[in-house]
Amino acid sequence: MSFANLGLRAEILRAVTDQGYDTPTPIQQQAIPAVLTGKDLMATAQTGTGKTASFTLPILQRLTDGANNRPARVARTPRVLVLTPTRELAIQVEESVRTYGKHLPINSLAVFGGVGINPQIANLRRGVDILVATPGRLLDHVQQRTVDLSAIEILVLDEADRMLDMGFIRDIRKIIALLPKQRQNLMFSATFSPDIRELASGLLHQPVSVDVAARNTAAETVTQKVIETNREQKKELLCHLFATRGWHQVLVFARTKHGADALAKTLEKSGIKSAAIHGDKSQGARTRALSEFKDGKLVALVATDIAARGIDIDALPYVINYELPNMPEDYVHRIGRTGRAGMEGEAISLVCHDERPQLKDIEKLIKRSLERVVIEGFEPSAVAAPRPPQPPRGPRKPQGPGKSLGQKTPAKGGRPQQHHTGSRHR
Ligand code: AMP
């Protein structure tokens, strides 16, 4: 199967070849022909599967097909609306539109909050074919009458599950109510929860279903390991791992914004170039940190779950869970940042006594138990140290005193192991 068999025009194929892609990923093979027929789509796929191109390529084709193929056409009103949960994802999707549409007369724009609205208004006025937006800022534009959604032909909900998790459902419904009834709807979600099912049943008409990668499992190419240790040794252990393993590009997950900042500072102090990204950082600071990380100027990027959504880095080799997430689904999202497009990746979780319930929930979700490793000098003590005060937890059930406290889980083989381990407009 090659891209040439999918029915895409030469300009699009040329852009795909420019990227160095020769074989469509499974979701691209299934979704592209379905979208080209004009049908609605419900796709279950996580980041890293090639899902962005799976909707971007056929959308570009549809906008320039047959009667629509007017050179230098720029719509006064947007023809495609892509909704994303975060600004990072909005920027990345719009970048993909520009990458794949570079040989076509198609204009695109990303609008999101946290930055000035006036440049976005000026760009909207100039005409945009494909508008990528986060729901809140799009509604600001609607309210100010700086965007007209009455000519939308195709609606895409990207990472719909995450938009629901972030409480965007009312905004999404408001936006949908402003769109023409006759349109094509494409919905992408990493999970297929009852809420997603409900949203899909109200929105999609006889959709084609595409389900790549079994849900809630990680890419086969990701090695997952747990290093057991004590909470108070985690910082030192992380620095030790950086020092002994020669890591060069590592995404580290922390649970809180404060924790992410503190960890980035600790790493910096021990000579590891680091930055933190989270919701309290300005858009400028986040974009800068991300591009420095991509360029290899930063060795470690410490992120919270929400800030990391949509981070798209080719060949990210390591993801470290400095702390486990409260929601087991977030673990799957986190490790989905590595092992992409068939590259090898390693996901390492530093787990202390009081995180064992979270670890159990994760193992239940992914239906496998993770290999435990102990690093010499950082072995977990038999009994947990008293827990420091914790910030309020998310919607997880309150936990008991931790059944497995003090229960030592030996490393595989019974003894400690060292394991080797902004918006743009064209
Ligand atoms: P996504 O799931 O859209 O976040 O894409 C994951 C990564 O895979 C991105 O870095 C894409 O550039 C890359 N990618 C997308 N399609 C292909 C393909 N057919 N072959 C190789 N890499 C791809």
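Order of appearance sets the numbers: ligands from 1, and atoms from 1 within every ligand.
Where the criterion is an N or O separation shorter than 3.5 Å, residue side chain and backbone included, Gly50 meets it with respect to ligand 1. Considering backbone and side-chain N/O of Tyr100, none are found under 3.5 Å from N/O of ligand 1.
Residues Glu292 and Arg288 are not paired through a salt bridge, judged by the lack of any N-O separation under 4.0 Å between the basic side chain and the carboxylate. For Glu329 and Arg162, the salt-bridge test fails: no basic side-chain N is under 4.0 Å from an acidic carboxylate O.
Leu350 pairs with exactly one of Asn321, Leu241, Val226 by the side chain to side chain contact (heavy atoms under 4.5 Å, CB included) rule, that one being Leu241. Applying the side-chain hydrogen bond (donor to acceptor under 3.5 Å, both in side chains) test between Gln184 and each of His205, Lys39, Arg62 identifies Arg62 as the sole match.
At a heavy-atom distance under 4.0 Å, only side-chain atoms of Gln28, from C-beta outward, approach ligand 1. Residue contacts with ligand 1 for Thr23 involve N, CA, C or O but no side-chain atom from C-beta outward (heavy atoms, distance under 4.0 Å).
Checking side-chain atoms of Ser189 against main-chain N and O of Ala160 turns up no donor-acceptor pair under 3.5 Å.
Set against the non-hydrogen atoms of Thr52, the atoms of ligand 1 under 4.0 Å away are 1 (P), 3 (O), 4 (O).
Counting only non-hydrogen atoms, the option in Phe55, Phe188, Phe3, Tyr21 that gets closest to atom 17 (C) of ligand 1 is Tyr21.
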